[in-house]
Amino acid sequence: MNELADGLWWVLEFLRGISGSYGLAVIVLTLLVRLLLLPLGVAQFRAMEGQKKIQPMLQELQKKYKDRPQELQRRMMELYREHKVNPLSGCLPALVQLPILWALFLALRRLPEGSLFLLWDLSVRDPYLVWPILTGVAQYLSMKPTITDPKQNSTMLIMAAVSAIFAASFPTGLALYWTVSSLFSYGQYWLFQRRLVAAGGGVRAS
């Protein structure tokens with residue numbers, strides 16, 4: 001993990017040398033990391049679209065076999081196999097990002113005091129709570145298009161609130177990374193949906 005943190009710090013310093021700003025360096029580094037993870041984003045999008053497609057059939061199975069959990073599990077697995085949907089593949093990009101997020105956290109702890117970006121010192125927590133709030137909002141926006149059941153909306157709101165609380169506990173630089181990364185996810189999903197709609201294979205997300 002320290003080696004990954006060393007590498008991210010080296011890239012961050014390189015970008016800061018070009019841009020003259022740690023804030024811009026964090027933004028560019030975030031975009032570079034997300035572009036590297038783009039193939040996983042494509043896989044995640046396909047998994048989510050597959051989940052949406054079979055959601056009505058899953059709900060029918062849950063109603064039909066609500067008193068027979070083992071039969072329900074078997075039928076659901078058959079449905080996943082039939083439509084070539086892996087229910088776990090949608091989580092893979094998020095899991096892959098976790099060590100990167102932690103390594104970036106370690107790297108950002110090396111930011112010298114007074115690493116200013118606009119009004120904020122990226123090396124310390126945001127005293128105004130602006131970036132934690134932005135993190136929560138961006139996190140919600142990035143998850144909203146993935147909702148397959150209206151009941152999931154409250155869960156998404158709770159997860160966004162938890163993200164904001166975590167971001168308030170970390171240096172502002174990490175909240176900046178989190179916000180930009182979430183907005184990238186939202187833009188990525190919007191772009192994939194447009195391509196899918198253009199190809200006549202789906203309905204554009206809200």
Side-chain angles (χ1 to χ4, degrees), residues 1-48 86 88-143 146 159-192:
M1 188 61 68
N2 286 332
E3 289 77 9
L4 183 56
D6 289 342
L8 288 173
W9 176 250
W10 184 87
V11 175
L12 195 64
E13 278 288 0
F14 175 76
L15 294 172
R16 198 268 307 174
I18 295 175
S19 65
S21 163
Y22 276 114
L24 293 177
V26 170
I27 292 172
V28 174
L29 177 61
T30 304
L31 296 176
L32 290 175
V33 168
R34 293 308 309 267
L35 286 172
L36 284 174
L37 296 175
L38 196 57
L40 291 176
V42 174
Q44 184 183 32
F45 174 77
R46 288 175 175 165
M48 288 189 300
N86 184 345
L88 300 179
S89 61
C91 304
L92 184 59
L95 293 177
V96 169
Q97 283 194 73
L98 283 179
I100 296 174
L101 192 64
W102 180 247
L104 188 61
F105 171 72
L106 295 177
L108 291 175
R109 290 181 66 182
R110 305 177 189 179
L111 283 173
E113 189 176 344
S115 300
L116 295 178
F117 177 60
L118 302 178
L119 300 175
W120 290 269
D121 184 345
L122 299 180
S123 66
V124 298
R125 289 180 289 182
D126 181 359
Y128 314 112
L129 298 179
V130 172
W131 282 103
I133 292 172
L134 289 175
T135 298
V137 172
Q139 182 73 14
Y140 177 73
L141 284 175
S142 70
M143 294 185 296
T146 68
M159 291 176 66
V162 170
S163 300
I165 292 170
F166 273 113
S169 307
F170 295 145
T172 304
L174 194 66
L176 175 61
Y177 165 84
W178 206 334
T179 301
V180 174
S181 182
S182 296
L183 292 177
F184 184 96
S185 295
Y186 180 77
Q188 175 183 273
Y189 194 91
W190 178 82
L191 182 62
F192 289 165

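Computation of the quantities below employed the complete heavy-atom set of this structure, encompassing side-chain atoms and omitting hydrogens, waters and symmetry-equivalent molecules. Throughout, residue positions are numbered sequentially from 1 according to the sequence presented.
Aromatic pair Y186/W190: centroids not less than 6.0 angstrom apart.
Annotation for F166: atom CZ does not count as buried by contact number, only 12 or fewer foreign heavy atoms lying within 6.0 Å.
The aromatic rings of F117 and W131 are tilted relative to each other, their planes meeting at an angle between 30° and 60°.
Checked by atom type and distance alone, the side chain of S181 never pairs as donor or acceptor with a backbone atom of Y177 at under 3.5 Å.
The two residues S123 and E113 come nearest to each other via the heavy atoms OG-CA, 3.6 Å. Listed here is the closest heavy atom pair of L38 and Q188: CD1-OE1, 3.0 Å. Taking all atoms of both residues into account, the shortest heavy-atom contact from W9 to P112 is CH2-CD, 4.4 Å. The heavy-atom pair separating A25 from S19 by the smallest distance is N-OG, 4.0 Å. In plain terms, the two heavy atoms of L176 and G23 that are nearest each other are CD2-O, 3.7 Å. For the residue pair D121 and G114, the shortest heavy atom distance occurs at OD2-N, 3.0 Å.
You'll find the side chain of R34 reaches within 4.5 Å of the side chain of S185, heavy atoms only.
Looking only at atom types and distance, the side chain of Q139 has a donor-acceptor partner in the side chain of S182 under 3.5 Å away.
We find the CG-CG distance between L129 and L134 to be 11.0 Å, quoted to the nearest 0.5 Å.
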